[in-house]
Amino acid sequence: MTSKKIRVLIAKPGLDGHDRGAKVVARSMRDAGMEVIYTGLRQTPEMIAEAALQEDVDAVGLSILSGAHMVLVPRLMELLRQQGQDNVRVLVGGIIPDEDVPRLKELGVVEVFGPGTSTKTIVDTVIRAVGGEPAHT
Amino acid sequence: MSLVERVLAGDRLALARLLSQIENEETTGLDDLAALYPHTGDAHLVGVTGAPGTGKSTLVNKLVMHMRQEGEEGGDADTMIAVVAVDPSSPFTGGAILGDRIRMRDLAGDPCVFIRSMASRGALGGLARATAGVVQALDAAGFDVIMIETVGAGQAEVDIARTAHTTVVITAPGMGDEVQAIKAGILEIADILVVNKADIPGADNTLRALRATLEMAKPERYVPSLPQQGDASIERGEEADSWETPVMATVATEGEGVAELIQAIEDHRRYLQASGEWTIRERGRIRSEMEGLLRDTLAARFLERQPDGRFEEALEKVLTRSLSPRQAILSILDGEDR
Ligand SMILES: Nc1nc2c(ncn2[C@@H]2O[C@H](COP(=O)(O)OP(=O)(O)OP(=O)(O)O)[C@@H](O)[C@H]2O)c(=O)[nH]1
Ligand SMILES: [Mg+2]
């Protein structure tokens, strides 16, 4: 019997303080049947790319509140490409100014979620992005 | 290059992919694992088990850091170390939050360290069904030491004792009394017993109690003098034919007692090899792995050959108490159910 699970890395890059939002998202992904690798606060893009590789995740979810997304995300995308992890889908949540959203998507980010996005939307987007089965709710 | 060749050449991306295939029990992955099997058998498999929150991940982080540090006692910059950390899957959704990496951030960026988180996926013995296969692949990939952190259900996690060469059981002060420890069977599987969080008041009592309990729990062995805290390298004699489980104190957050623990792990490896127990354990492990496979494979093949509903029919009879479970199975096997 084979069983493929969606594996997602939830990371909190940058120096800003809390990871409440990231934890809520992690829990809702678990409740949707995913395996969520949770790495905690203050992750560098290098740490995130390395963990994504070792854990062979389908997707990486970044929670960024610090405003440093235009530094962190390009660096992460570059590392993923260099390491041959082109198949890993990247999603960003947090406080991202509207004008930055298209720029992030140009870099290859699948979706950007602002504050107040429902966890169901996030979960459904992840499932669609990795080409998995729709969540049964 | 094939995936197997890439894994043998040290390609980490290939290794990570292979581990997923093994975890998902995909045929290609299991075939690749078979191809890698001749390259296994060299790694020292160290199990780390104990109740939730006793500090297993924190201690693994410090152990690996120390082992990787040239110049530290027991440290060597050439040692390749893998960590397999198992966390529980939710029985309701099948999902999991794997959080052991949070405590292992000091290991990030070290090209000789590879950490893999696994969900237990319904297995109850503290490991996932695929953990043994994942460990074999890491062994073939050239890791010298493989640390396996179990779920930490607090119950006898016998799977780890069967999988690892050296089982380190972690407790902490105030984790329940010694009688509970015996009931849970942790003393029987412990090759090394650690009281972590020794900075917490009451640690001395826990240490004392565990040492006393250990003498009771292993009555077949006369223990003249138990090693004292931080004294694991106590003389055992070169031809020591029995191992006296040391009880050691650590403060994982501060790294206290970590050097001594590494020494004890190394002592245990030497003991296993010198006494021939390494081979005995290996034989036992492989035997139980093969027996389990035989059971699963036979059952699957047999059920495949049965006409649909045969098993269900027998199940109904057991439900109505007209057959016992044993009678039902025998009747299916004998092909005569009435
Ligand atoms: N005071 C003290 N706290 C510690 C020590 N070691 C670990 N901790 C703390 O104990 C908590 C649990 O540590 P972990 O390493 O996550 O424990 P664990 O056994 O891996 O936990 P699970 O994987 O969830 O079963 C953390 O808050 C650690 O900081 C110690 O030696 N002393
Ligand atoms: Mg842990």
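Everything numeric here is computed off the predicted structure, so don't read it as measured data. Numbers restart at 1 for each chain; the letters A, B, ... are given by sequence-line order, proteins then strands.
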Most heavy-atom pairs under 4.5 Å with chain A, out of B:Ala119, B:Gly95, B:Ser90, B:Ser89, belong to B:Gly95
Considering only heavy atoms, which portion of A:Asp19 lies under 4.5 Å from any heavy atom of chain B: side chain, backbone, both, or neither? neither
Between B:Ile115 and A:Glu55, what is the shortest heavy-atom contact and its length? O-OE2, 3.7 Å
Answer with yes or no whether the side chains of B:Thr93 and A:Asp31 bring together a donor and an acceptor at under 3.5 Å. no
Please report the shortest heavy-atom distance between A:Tyr38 and B:Ile102, naming the atom on each side. O-CG1, 3.3 Å
Quick one: does any side-chain atom of B:Arg101 pair with a main-chain N or O of A:Gly40 as donor and acceptor, under 3.5 Å? no
State whether the number of non-hydrogen atoms from other residues, nucleotides or ligands found under 6.0 Å of B:Phe311 atom CZ is greater than 12. no
What part of A:Ile10 gets within 4.5 angstrom of chain B, counting heavy atoms only: side chain, backbone, both, or neither? neither
Student check: side-chain heavy atoms of B:Leu13 and A:Gln83 closer than 4.5 Å: no
dist B:Ser20:OG -> A:Asp58:CG (nearest 0.5 Å) comes out at 8.0 Å
By a 4.5 Å heavy-atom criterion (distance strictly below it), what part of B:Arg105 contacts chain A: side chain, backbone, both, or neither? both
For the CG atom on A:Asp98, are there more than 12 heavy atoms of other groups (residues, nucleotides or ligands in this structure) within a distance under 6.0 Å? no
Counting only non-hydrogen atoms closer than 4.5 Å, does B:Val83 touch chain A with its backbone (N, CA, C, O), its side chain (CB onward), both, or neither? neither
Should the pair A:Arg7-B:Glu23 be classified as a salt bridge under the 4.0 Å nitrogen-to-oxygen rule? yes
Supply the atom-to-atom distance B:Met104 CE to A:Thr39 OG1, rounded to the nearest 0.5 angstrom. 13.0 Å
Pair A:Lys4 + B:Glu26: basic N to acidic O under 4.0 Å: no
Tell me, side chain or backbone of B:Asp110 under 4.5 Å from chain A's heavy atoms, or both, or neither? backbone
dist A:Glu35:CD -> B:Asp87:CG (nearest 0.5 Å) comes out at 10.5 Å
Counting only heavy atoms not in A:Arg42 (residues, nucleotides, ligands), do more than 12 fall under 6.0 Å from its CZ? no
Atom CD1 in A:Ile37, atom CZ in B:Arg116: separation rounded to 0.5 Å? 7.5 Å
Where does A:Gln54 contact chain B at under 4.5 Å (heavy atoms): side chain, backbone, both or neither? both
Looking only at B:Arg103, B:Arg12, B:Arg17, most heavy-atom pairs under 4.5 Å shared with chain A are made by B:Arg17
